[in-house]
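All of these numbers come straight from a predicted model, not from anything done at the bench. Residue numbers start from 1 in every chain, and the chains themselves are labelled A, B, ... in the order their sequence lines are given, proteins ahead of strands.
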2 protein chains.
Amino acid sequence: MTFRRALHFPHLKPALFYGLGGGLLIALLRYIEYQHFVRAYPNELYGGMLALIFTVIGIHLGLRWTRRQEVAPEPRPFATNPEAIREIGITPRELEILGLIAEGLSNREIGERLFVSENTVKTHSSRVFEKLGVNRRVQAAQKGKDLGLIP
Amino acid sequence: MTFRRALHFPHLKPALFYGLGGGLLIALLRYIEYQHFVRAYPNELYGGMLALIFTVIGIHLGLRWTRRQEVAPEPRPFATNPEAIREIGITPRELEILGLIAEGLSNREIGERLFVSENTVKTHSSRVFEKLGVNRRVQAAQKGKDLGLIP
DNA sequence: ATCCCCGTCATCCTTTCGGGTGATTTCGGG
DNA sequence: CCCGAAATCACCCGAAAGGATGACGGGGAT
């Protein structure tokens, strides 16, 4: 309710996972090496295996980490205007500001149109962003349309 | 200088670049090895370097491939408007930036996703605004959709 | 009367945008 | 071969936006 800014590292777990996995792999490779592999085969095999394995791991890491960046799909099969509005708890005034944001107006222009100060507009827009779970006005506009809050 | 340019053509040059680069790396490592680096230092150093290097390469490759997936194969149900695109004189790259702007990404995020600097994104976006006759990204997103330039 | 929500406004601070200018490289067409 | 378009990047500056916090009055609900 207050701070969802709390320390939260979405990439920490995968990093730990891959780090530990990599460590285990290295340990395994070392074990194999000391058994006889490196003695029996040239070092190029060892390096090649390492390269291959870690290339794959790197690709995996890259894919996984960029997938996190994608905006949440947010399926909304049932909710339309009134239900979504009530569900999110957005107030009429905030809805008004959201509509003007989606029209591409600046905070100053919104304030002039609604006869309030720019600071007030910023307060409203901040609350809108909070309730929509976004932090940029383009995202707010998009999400507002997706949810049927605004035309 | 010329190597960086490989970012431009995703077909042949990157493959050559990474292939030759990898080969050179391996050759270098082998050279170092035969110069008794591996004899002087434990094999773990050798393996660690290989792992690190190829993890980075792997991440790069993974990101690059997903990027190509985003650009090329897009069986979208709607149809972008080629006439409007040509009429406005917007370039493919600018169109790409416009699409990401409409998704609510910041310039920094766009740069990270497209593997270019934030400055480049700003240059592109400025031109897009100019061509669309707007001066804010929300308006650009709206107009791009209205004209059928983006989904 | 009291409490809480809503709307209003403010201040401080950081980040992001927008606009402008200049530069380099690559590539295709004349 | 030169020329221009496209793409890349850098630097600067001012404006806009965003985040956090505090305050205050009106109006319902308890």
- B:Leu98 and B:Ala140: which non-hydrogen atoms are nearest, and at how many Å?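 So the minimum-distance heavy-atom pair works out to CD1-O, 3.7 Å.
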Please state how far atom [atom1] in [X] lies from atom [atom2] in [N], giving the value in whole angstrom units.
X: A:Arg127; N: C:dC5; atom1: CZ; atom2: P; answer: 11 Å
X: A:Asn135; N: D:dA20; atom1: CG; atom2: C1'; answer: 15 Å
X: B:Leu132; N: C:dG19; atom1: CG; atom2: P; answer: 12 Å
X: A:Asn107; N: C:dG18; atom1: CG; atom2: C1'; answer: 15 Å
X: A:Ile101; N: D:dA17; atom1: CD1; atom2: C1'; answer: 10 Å
X: A:Arg108; N: C:dA10; atom1: CZ; atom2: P; answer: 12 Å
X: B:Ile90; N: D:dA5; atom1: CD1; atom2: P; answer: 17 Å
X: A:Ile110; N: C:dC9; atom1: CD1; atom2: P; answer: 14 Å

- Message: For the helix from C:dA1-D:dT30 to C:dG30-D:dC1, what angle separates the axis at the start from the axis at the finish, each from five pairs, in steps of 10°?
- Response: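 What I find for the helix from C:dA1-D:dT30 to C:dG30-D:dC1 is an axis angle of 40°.
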Do [X] and [Y] have side-chain heavy atoms sitting under 4.5 Å apart?
X: B:Arg113; Y: B:Glu103; result: yes
X: B:Leu100; Y: B:Val121; result: no
X: B:Asn135; Y: B:Phe129; result: no
X: B:Val134; Y: B:Val128; result: no
X: A:Leu114; Y: A:Arg93; result: yes
X: A:Arg136; Y: B:Glu109; result: yes

- Message: I want to confirm an ordering. Mapping B:Arg136 and B:Ile97 to their closest nucleotides on DNA chain D, which one lands closer to the 5' end?
- Response: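 Checking each residue's closest nucleotide, the 5'-ward one belongs to B:Ile97.
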- Enumerate the residues from residues 111-126 of chain A whose closest heavy atom to DNA chain D is under 4.0 Å, giving them by residue number; use none for an empty result. A:Lys122
- Message: Whether the side chain of A:Lys131 engages the backbone of A:Ile88 through a donor-acceptor N/O pair (distance < 3.5 Å, no angle test) should be reported.
- Response: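 No; zero donor-acceptor contacts below 3.5 Å.
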- Query: So, does B:Arg108 use its side chain to make a donor-acceptor pair with the main chain of B:Ser117 at under 3.5 Å?
  - Reply: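 Judged by distance alone, no pair lies under 3.5 Å.
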Residue [X], side-chain heavy atoms: nucleotide from [options] that is nearest:
X: A:Phe129; options: D:dA7, D:dG18, C:dG7; answer: D:dG18
X: A:Arg137; options: D:dG19, D:dA7, D:dG18; answer: D:dG18
X: A:Arg93; options: D:dT8, C:dT8, D:dA17; answer: C:dT8
X: B:Thr91; options: D:dG18, D:dA6, D:dA17; answer: D:dA6

